[in-house]
Amino acid sequence: MSTQPEEHTMKHHKRPFAAYQAKTFLWQVSADGKVGTVTLNRPERKNPLTFDSYAELRDLFRSLVYATDIKVVVVTGAGGNFCSGGDVHEIIGPLTKMSMPELLDFTRMTGDLVKAMRACPQPIVAAVDGVCAGAGAMVALASDMRLGTPAARTAFLFTRVGLAGADMGACTLLPRMIGQGRASELLYTGRAMTAEEGASWGFFNALHESGALADAAQTLAAQLAAGPTFAHGVTKKLLHQEWNMGVDEAIEAEAEAQAICMQTRDFHRAYEAFVAKQKPVFQGD
C-alpha cells in the first residue's frame with residue numbers, strides 16, 4: 001500500500017465544456033473554444049422555460065466554475081425572441097396542482113438559476129431581441145451585460161399571473177440596475193419596458209438592429225475572452241459581494257483581491273508588453 005498522501009488538486013475536477021451536450025437548449029462554442037453560447041430554442045412559443053430547462057441551465061452555470069476552456073458565456077433566444085418566461089402549459093398549469101412543499105422546491109430551483117449565474121466566474125452577455133418576459137427577464141437581469149434591439153420588450157410580468165413582483169431576486173437586482181422607483185413601477189404593473197427605456201435606464205449596455213445583435217454579442221464576448229479572465233472572475237465576484245459591504249470593508253476586499261491579481265502571470269505579461277510597446281496577450285492565469 002502506498003504511504004504517499006493522495007493528491008487532491010483542482011485539475012482533477014476541471015474539464016473542457018466544448019463537447020457539452022445540451023438537452024433542452026442549444027450549446028455552441030466559438031472556434032477558439034473560449035465563448036460558449038446558450039440559445040433557448042423553442043421559437044414557435046417564444047422560447048419559454050420548462051422544469052427541465054430551468055434545471056439544466058442551473059446545472060450548466062454551476063458547472064462552468066470547473067471549465068478549462070470557456071471564458072465567457074452568451075445567452076440568447078432563437079427566432080427573434082429572447083424568452084417568454086415559464087411555459088404556461090408545462091409550468092404554470094402544473095403549479096396550480098402542487099402542494100406548498102412542492103411549490104417551494106420549484107421557486108427555490110428558479111432562484112438557484114440566478115444564484116448559479118451570479119456565482120459562475122465567466123462574464124455572461126445576454127443578447128435580447130423581441131419578447132423578454134418573466135423568468136426570461138430575470139435571466140437577462142442576472143447576466144453581467146445586456147445587448148438589446150429596438151424590438152426588445154422586457155417585462156417582469158409576475159403580477160399579471162397573480163404573483164408578487166418578488167421573484168428570483170427581482171426586488172434586489174432590478175432596483176440596483178435601474179433605480180428603486182423605476183423598478184417598483186415595472187414590478188407592480190408588469191408592463192413592458194421598451195428598448196429605449198432599457199437603454200436610457202442602464203438595463204441595456206447598447207442597442208443593435210436585430211440582424212446585427214448576434215455578431216455584436218459575439219464581438220463583445222470575444223473581447224472579454226481575450227482579456228485577463230482570472231481577473232474578470234475576481235471583478236465579477238467583488239461586484240456581487242460588495243452589495244452587502246460597507247465602504248471600508250469593500251476597499252479592504254478590493255485591496256486583497258488586487259494583491260492576488262498582482263501575482264498572476266497576466267499581470268506580468270501586461271507589464272512586459274508595455275515595456276516592449278506591444279499589446280499584451282492574456283492567457284487567464
Side-chain angles (χ1 to χ4, degrees), residues 17-18 20 22 24-49 53 56-57 60-61 64 70-86 113-114 117-118 120 122-157 173-174 177-178 182 186 191-227 229 232 236:
F17 272 73
Y20 174 74
T24 60
F25 48 82
L26 298 180
W27 171 255
Q28 297 167 299
V29 175
S30 59
D32 64 5
K34 294 182 179 181
V35 178
T37 299
V38 170
T39 302
L40 304 176
N41 191 37
R42 300 178 70 195
E44 72 284 354
R45 299 179 70 175
K46 300 179 182 178
N47 308 315
L49 296 176
S53 59
E56 187 176 9
L57 285 167
L60 172 61
F61 283 110
L64 282 171
I70 303 300
K71 308 301 182 185
V72 183
V73 180
V74 173
V75 181
T76 192
N81 291 293
F82 185 70
C83 175
S84 57
L113 169 56
V114 172
M117 292 177 70
R118 300 310 310 142
C120 90
Q122 294 87 349
I124 303 169
V125 178
V128 179
D129 196 6
V131 172
C132 176
M138 287 308 304
V139 169
L141 180 60
S143 300
D144 294 280
M145 284 163 273
R146 286 149 297 281
L147 301 181
T149 73
R153 295 293 181 270
T154 306
F156 300 85
L157 43 63
L173 291 170
L174 192 59
M177 183 71 63
I178 65 172
R182 291 164 176 165
L186 296 183
R191 78 161 178 89
M193 175 176 61
T194 67
E196 292 74 18
E197 287 174 328
S200 65
W201 294 353
F203 184 84
F204 288 119
N205 296 85
L207 297 179
H208 301 272
E209 293 300 323
S210 294
L213 179 64
D215 286 346
Q218 292 297 324
T219 297
L220 175 57
Q223 177 186 349
L224 295 170
T229 52
H232 286 341
K236 179 168 181 174

Is there a donor-acceptor pair closer than 3.5 Å between any side-chain N or O of [X] and the backbone N or O of [Y]?
X	Y	answer
N47	R42	yes
S30	V35	yes
K236	C120	yes
T229	A225	no
T39	N41	no
N81	V131	yes

Practice item. Sort out for me which residue in V75, L220, D144, T76 forms a side-chain contact (heavy atoms from CB on, under 4.5 Å) with V125. Key: L220
Gap separating the [atom1] atom of [X] from the [atom2] atom of [Y], nearest 0.5 angstrom:
X	Y	atom1	atom2	answer
L213	Q218	CG	CD	10.0 Å
T37	I70	OG1	CD1	8.5 Å
L49	F25	CG	CZ	10.0 Å
R118	L113	CZ	CG	11.5 Å

Review point. If you count the non-hydrogen atoms of other residues, nucleotides and ligands that lie under 6.0 Å from CD in E196, is the total more than 12?
Key: yes
